[in-house]
Amino acid sequence: MKISRVMETLQVINQMGETNHGIERLAYTLEEQQAKQYILKECKKLGMETSVDAAGNVIAKLPGTDPYLPAVAIGSHLDTVYSGGRYDGALGVVAGLEIVRTMVEEGIETAHSVELIAFACEESSRFNFATLGSKAMTGKVDQETLEELQDKDGISLRNAVVNQGLELDQFLSANRKNTPLKAFYELHIEQGLKLIDEKKSVGIVTGVAAPLRLAIEIEGRSSHSGTTGMTQRKDALLSASELSLAVEKAALLEEDFGTVATVGVLELAPGAMNVVPGYASLKVDIRSTNVESRNRVLNRIKERAELLEEKRGTTISMKVIQEDQPVIMDEKGRKSLAKTCEDVGVSYLFMASGAGHDAMNMATCWPSALIFVPSVDGLSHHPDEFTEEKDIETGLKVLEAEVLKQAVIVSKGEDQHASTGI
């Protein structure tokens, strides 16, 4: 394993989508496609079998000695949020690539094949729908939902994927949940402060808090700000403001369950200084590992919306646009990772994840594990997102040891460059 090569590879990938306000490598854009093509090229150099499935997921396999055994897979995503950072997602893909590079260089052969997966459209930023690639792979999305997705510029998912040589009508054929995998692993930055606060090097995730997302529309009445009396107004913004505060209050009541809720988008119309807003729309994200707690937050928001309709004379409609189920990660896999950490001398912490990841979808079909490394200042989805090189190296050390343990080393020879054409 060469940490310098890991950092260089990350740098190459992050040139794709680099802007003066962070990395923008959005799902199904040219920048994301360039990153996928780079990974495919590097995998082919290693003699891996490569393909892109119907949803745009990159899959590369280093064959094991026994073709009848299920593969051990490693993966994450290459797309980013708007004004994103350099490590979220990309680190996990590069980590898997580095493990295979090391295997080839050191002539390590395993009984099980080792797969690298770069998932498409993990972030919800562009289409307000998260982990699309891994949902397609695990049979967790339907055609009707796909048809409805569009970005903020009105570009439909159907039209967006054409530029990558994909057809929306074929997306569901990416489903491979009946294909056996021995295990799936994802290395990711924590995006929080627990590891740093607890002074631990690695987080072993016990469960993933899945999001329930709402689209809320508030219809009031636009009117002149100078001639409409204060008691005559049907101000959509004020309803939206009160409802936003209600979202916060509802989540605070569930703090013991680690439940959180966020109003991430607020849009107004007509958007003029001298006009009382007649329309507002909100996007709300509610997350928890406890479904009952998450539902209580939802119900409190609904109750407050009903009161606001009467109080302010506005009409409030609410639609659930995403409702994922929290996932508990494989217990046997967690224990195995803990033993690996102890074997290689790395401190660890069992912890839940407040953010969704592709691993949570994979875990519903195959034994899966999610490994965290520290994020400086807990910062993520931001241009200043940063993870120390030494922490990346530690996380990769654990991931490599665990993958090789599960894939079962059968031989370790000399440099294999001649046989693979590197």
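No side-chain heavy atom of Lys283 sits under 4.5 Å from any side-chain heavy atom of Arg213. Under the 4.5 Å side-chain criterion, counting only non-hydrogen atoms from C-beta, Leu404 is in contact with Met103.
Here the CD-CG distance, from Glu98 to Leu187, works out to 12.5 Å after rounding to the nearest 0.5 Å. The line from CD1 of Ile204 to OH of Tyr348 is 6.0 Å long, rounded to the nearest 0.5 Å. Taken to the nearest 0.5 Å, the CD1 atom of Ile286 stands 4.0 Å off from the CD1 atom of Ile301. The distance from the CD1 atom of Ile328 to the OG atom of Ser368 is 13.0 Å, given to the nearest 0.5 Å. Rounding to the nearest 0.5 Å gives a distance of 5.0 Å between OG of Ser244 and CG of Leu282. Interatomic distance, OG of Ser83 versus NE2 of His21, reported as 5.0 Å (0.5 Å rounding).
Ser51 contributes no side-chain N or O that, together with a main-chain N or O of Asp53, makes up a donor-acceptor pair within less than 3.5 Å. In this structure, the side chain of Asn361 does not engage the main chain of Ser134 through any donor-acceptor pair within 3.5 Å. Side-chain atoms of Arg126 come within 3.5 Å of backbone N or O of Ala27 as a donor-acceptor pair. Proximity of a side-chain donor or acceptor of Gln164 to a complementary backbone N or O of Thr29 within less than 3.5 Å is detected. Listed for the Thr340 side chain is a donor-acceptor partner under 3.5 Å among the backbone atoms of Ser336. Using modelled atom types, no side-chain atom of Glu186 and backbone atom of Met360 make a donor-acceptor pair closer than 3.5 Å. Using a distance-only test at 3.5 Å, with no hydrogens or angles considered, a donor-acceptor pair links the side chain of Glu385 to the main chain of Arg86.
Glu219 and Thr315 form no side-chain donor-acceptor contact under 3.5 Å, judged by distance and modelled atom types alone. At a cut-off of 3.5 Å, with distance as the only test, no side-chain donor of Thr65 or Glu109 sits close to an acceptor on the other residue. With no hydrogens or angles considered, a side-chain donor-acceptor pair links Thr259 and Ser293 at under 3.5 Å. Side-chain contact annotation: Ser375 with Glu190, donor-acceptor N/O pair under 3.5 Å absent. With hydrogens and angles left out, the side-chain atoms of Ser156 and Gln150 include no donor and acceptor closer than 3.5 Å. Counted by atom type alone, His381 and Asp88 present one or more donor-acceptor pairs between their side chains at under 3.5 Å. Between Ser288 and Arg296, the side chains place no donor N or O within less than 3.5 Å of an acceptor N or O (distance only, hydrogens not considered).
Closest approach of Gly85 to Thr80, counting heavy atoms only: O-CG2, 4.4 Å. The two residues Asp391 and Val373 have their closest heavy-atom pair at O-CG1, 3.5 Å. Smallest separation of non-hydrogen atoms from Pro374 and Thr387: O-OG1, 2.9 Å. When all heavy atoms of Leu237 and Leu266 are compared, the pair lying nearest together is CD1-CD2, 4.3 Å. Among all heavy-atom pairs drawn from Leu243 and Leu308, the shortest one is N-CD1, 3.8 Å. Minimum interatomic distance between Phe257 and Asn290 (heavy atoms only, all atoms of both residues): CD2-ND2, 3.6 Å.
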Start with the C-alpha distance between Lys397 and Glu393, add both sets of side-chain angles, then the distance that settles salt bridge (Lys or Arg N to Asp or Glu O under 4.0 Å), and finish with yes or no. CA-CA 6 Å; Lys397 181 181 179 181; Glu393 187 172 18; over 6 Å; no
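Electrostatic pairing of Glu147 and Arg158 counts as a salt bridge here, judged by a charged N lying under 4.0 Å from a carboxylate O. With salt bridges taken as basic N to acidic carboxylate O contacts below 4.0 Å, none links Glu42 and Arg5. Under a 4.0 Å N-O distance rule, the pair Lys405/Glu402 qualifies as a salt bridge. At a threshold of 4.0 Å, the pair Glu306-Lys302 does not count as salt-bridged, since none of the basic side-chain nitrogens sits closer than that to a carboxylate oxygen. A salt bridge does not link Glu254 with Arg294: every distance from a Lys NZ or Arg NE/NH1/NH2 to an Asp or Glu carboxylate oxygen is 4.0 Å or more.
Crowding of Asp66 atom CG: a count of heavy atoms from other residues, nucleotides or ligands under 6.0 Å exceeding 12. Atom CD of Glu342 has more than 12 neighbouring heavy atoms from other residues, nucleotides or ligands inside a 6.0 Å radius. For Gln11, the CD atom is loosely surrounded, since the number of other residues' heavy atoms within 6.0 Å does not exceed 12.
Judged by the 6.0 Å distance and 45° axis criteria, Lys135 is positioned over the aromatic ring of Phe129.
Applying the ring-ring contact (aromatic ring centres under 6.0 Å, His included) rule to Phe184 yields the partners Phe119; only residues at least two apart in sequence or on another chain are considered. In this structure Ser124 satisfies the side-chain hydrogen bond (donor to acceptor under 3.5 Å, both in side chains) test with no other residue, sequence neighbours excluded.
Relative ring orientation between Tyr87 and Phe386 is described as perpendicular, the plane-to-plane angle rising above 60° on a 0-90° scale split at 30° and 60°.
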